[in-house]
Amino acid sequence: MTDENLGKAFAILQEIKGQWQDNTVNSLGNDPFLVLVSCVLSHRTKDQVTKEATQRLRAVAPTPEDILKISEEELSQIIYPVGFYRRKAKTLRKIAEILINRYQGKVPDDLEELLKLPGVGRKTANLVLTVSFHKPAISVDTHIHRIVNRWGYVETKTPEETEKALREKLPLPYWQIINPLLVLFGQNICLPRQPRCFECPIEAFCEKRGVKN
DNA sequence: AAAACGGGGGC
DNA sequence: GCCCCAGTTTT
């Protein structure tokens with residue numbers, strides 16, 4: 001995909017994204033701790049389930065202090081349907097404890113510091129930076145990785161390679177919108193196994209129509 | 001680079 | 001039962 005067509009593709013997707021139901025990153029706001037929480041819960045979990053669990057948790061314990069006030073059992077019960085709930089509950093409590101003890105209860109706005117937190121990798125750290133702190137960062141999950149490779153915009157093997165390639169190539173104005181926009185696109189049209197190319201509005205720009213994963 | 005980690009929900 | 005699912009850590 002050429003740079004010119006990339007711009008057209010982003011513009012078309014921006015136009016039609018209102019047709020799609022809001023997902024987690026598009027509906028939960030910019031609070032850095034809640035973005036962090038939703039990312040921990042989202043691991044190998046359907047987005048609808050992640051979204052609902054994050055909303056339930058926000059109603060009861062929206063801050064690190066609140067997380068530590070409730071028991072691990074109660075926390076597990078709230079997030080239960082996301083799966084791996086024991087491990088995720090432990091991770092959330094550890095993160096809350098570290099934020100309180102080392103960062104005055106605030107989420108750091110620095111990549112290296114974020115990556116030190118347990119259960120936080122590049123996808124999560126970069127998403128917090130871009131969504132909550134409006135910093136130039138690119139959060140690459142499996143959706144972004146799959147889509148930009150199908151487009152032929154990059155040719156990469158892993159999400160980390162994709163992040164590097166996009167940092168080199170992607171014009172800065174798109175850094176803020178690529179994740180929220182392309183995750184929606186990946187959930188509704190450019191699906192992993194059965195991409196819905198027959199209803200894709202940017203099919204003409206895609207170099208690998210119908211390629212799985 | 002690949003495997004391990006370790007669960008619910010839809011069908 | 002078998003498949004899917006915003007990933008991170010360890011080998």
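Residue numbering restarts at 1 for every chain, and letters A, B, ... go by the order of the sequence lines.
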Colleague: Would you classify A/Thr45 as touching base, sugar-phosphate or nothing, given that sugar-phosphate means primed atoms plus P, OP1 and OP2, and contacts are heavy atoms under 4.0 Å?
Modeller: base
Colleague: Judged by modelled atom types alone, do A/Tyr103 and A/Glu113 share a side-chain donor-acceptor pair under 3.5 Å?
Modeller: yes
Colleague: Going by atom types only, do A/Thr162 and A/Thr156 share a side-chain donor-acceptor pair under 3.5 Å?
Modeller: yes
Colleague: Between C/dC4 atom C1' and A/His43 atom NE2, what is the distance in whole Å?
Modeller: 14 Å
Colleague: Between the protein and nucleotides 9-11 of chain C, are there any N/O to N/O pairs under 3.5 Å, and if so, what are the atom names and distances?
Modeller:
residue: C/dT9; atom: OP1; partner: A/Gly119; partner atom: N; Å: 2.9

Colleague: Could you tell me whether the side chains of A/Arg87 and A/His43 share a donor-acceptor contact shorter than 3.5 Å?
Modeller: yes
Colleague: Hey, are A/Asn149 and A/Glu155 close enough side-chain-wise for a donor-acceptor pair under 3.5 Å?
Modeller: no
Colleague: Where each residue is assigned the nucleotide of DNA chain B containing its nearest heavy atom, which of A/Val49 and A/Glu161 is assigned the position nearer the 5′ end?
Modeller: A/Glu161
Colleague: Between B/dG6 and C/dT11, how far is it from one P atom to the other, in whole Å?
Modeller: 12 Å
Colleague: A/Gln194 CD to C/dC3 C1': how many Å, rounded?
Modeller: 13 Å
Colleague: Rounded to whole Å, how long is the line connecting atom CG of A/Leu41 with atom P of B/dG9?
Modeller: 14 Å
Colleague: Just checking A/Arg86: base, sugar-phosphate only, or nothing, at a heavy-atom cut-off of under 4.0 Å?
Modeller: sugar-phosphate
Colleague: Hey, does the Lys NZ or Arg CZ of A/Lys17 hover above the aromatic six-ring of A/Phe185, less than 6.0 Å from the centre and inside 45° of the axis?
Modeller: no
Colleague: Kindly determine whether A/Thr45 and A/Lys88 satisfy side chain to side chain donor-acceptor pair (under 3.5 Å), including the steps that lead there.
Modeller: CA-CA 12 Å; A/Thr45 301; A/Lys88 290 175 181 177; 3.0 Å; yes
Colleague: I'd like the P distance from C/dC5 over to B/dC5, given in whole Å.
Modeller: 22 Å
Colleague: A/Leu191 CG to C/dC4 C1': how many Å, rounded?
Modeller: 12 Å
Colleague: In this structure, how many angstroms lie between the P atom of B/dG8 and the CD atom of A/Gln77, rounded?
Modeller: 14 Å
Colleague: Examine B/dG7: is either OP1 or OP2 under 4.0 Å from a nitrogen or oxygen in the side chain of A/Tyr80? Give yes or no.
Modeller: no
Colleague: Ignoring the backbone of A/Thr124, work out which of B/dG8, C/dC5, C/dT8 is nearest its side chain.
Modeller: C/dT8
Colleague: So does A/Arg87 get a side-chain nitrogen or oxygen closer than 4.0 Å to the phosphate oxygens (OP1/OP2) of B/dG7?
Modeller: no
Colleague: What's the CD-P distance between A/Gln48 and B/dG9, to the nearest Å?
Modeller: 13 Å
Colleague: When you group the ILVMFWY residues by side-chain heavy-atom contacts below 4.5 Å and let the links chain together, are A/Leu13 and A/Trp175 in the same group?
Modeller: yes
Colleague: Would you tell me whether A/Gln48 and A/Glu52 have side-chain atoms, one donor and one acceptor, within less than 3.5 Å of each other?
Modeller: yes
Colleague: Kindly say if A/Arg122 contacts the phosphate of C/dT8, meaning a side-chain N or O under 4.0 Å from OP1 or OP2.
Modeller: no
Colleague: Dot-bracket for DNA chain B, 5' to 3', counting Watson-Crick or G-U wobble pairs under 3.5 Å, with [ ] for crossing pairs and | for inter-strand pairs?
Modeller: |||||.|||||
Colleague: Taking atom types as modelled, find out whether A/Thr50 and A/Asp47 have a side-chain donor-acceptor pair closer than 3.5 angstrom.
Modeller: no
Colleague: Measure the distance from CZ on A/Phe84 to C1' on B/dA4 and round it to the nearest whole Å.
Modeller: 11 Å
Colleague: Take A/Lys164 and A/Glu168 through the test salt bridge (charged side-chain N to carboxylate O under 4.0 Å, His left out) and record every step on the way to the result.
Modeller: CA-CA 6 Å; A/Lys164 188 165 178 288; A/Glu168 301 289 326; 5.1 Å; no
Colleague: To the nearest Å, how far apart are A/Lys123 NZ and C/dC5 P?
Modeller: 15 Å
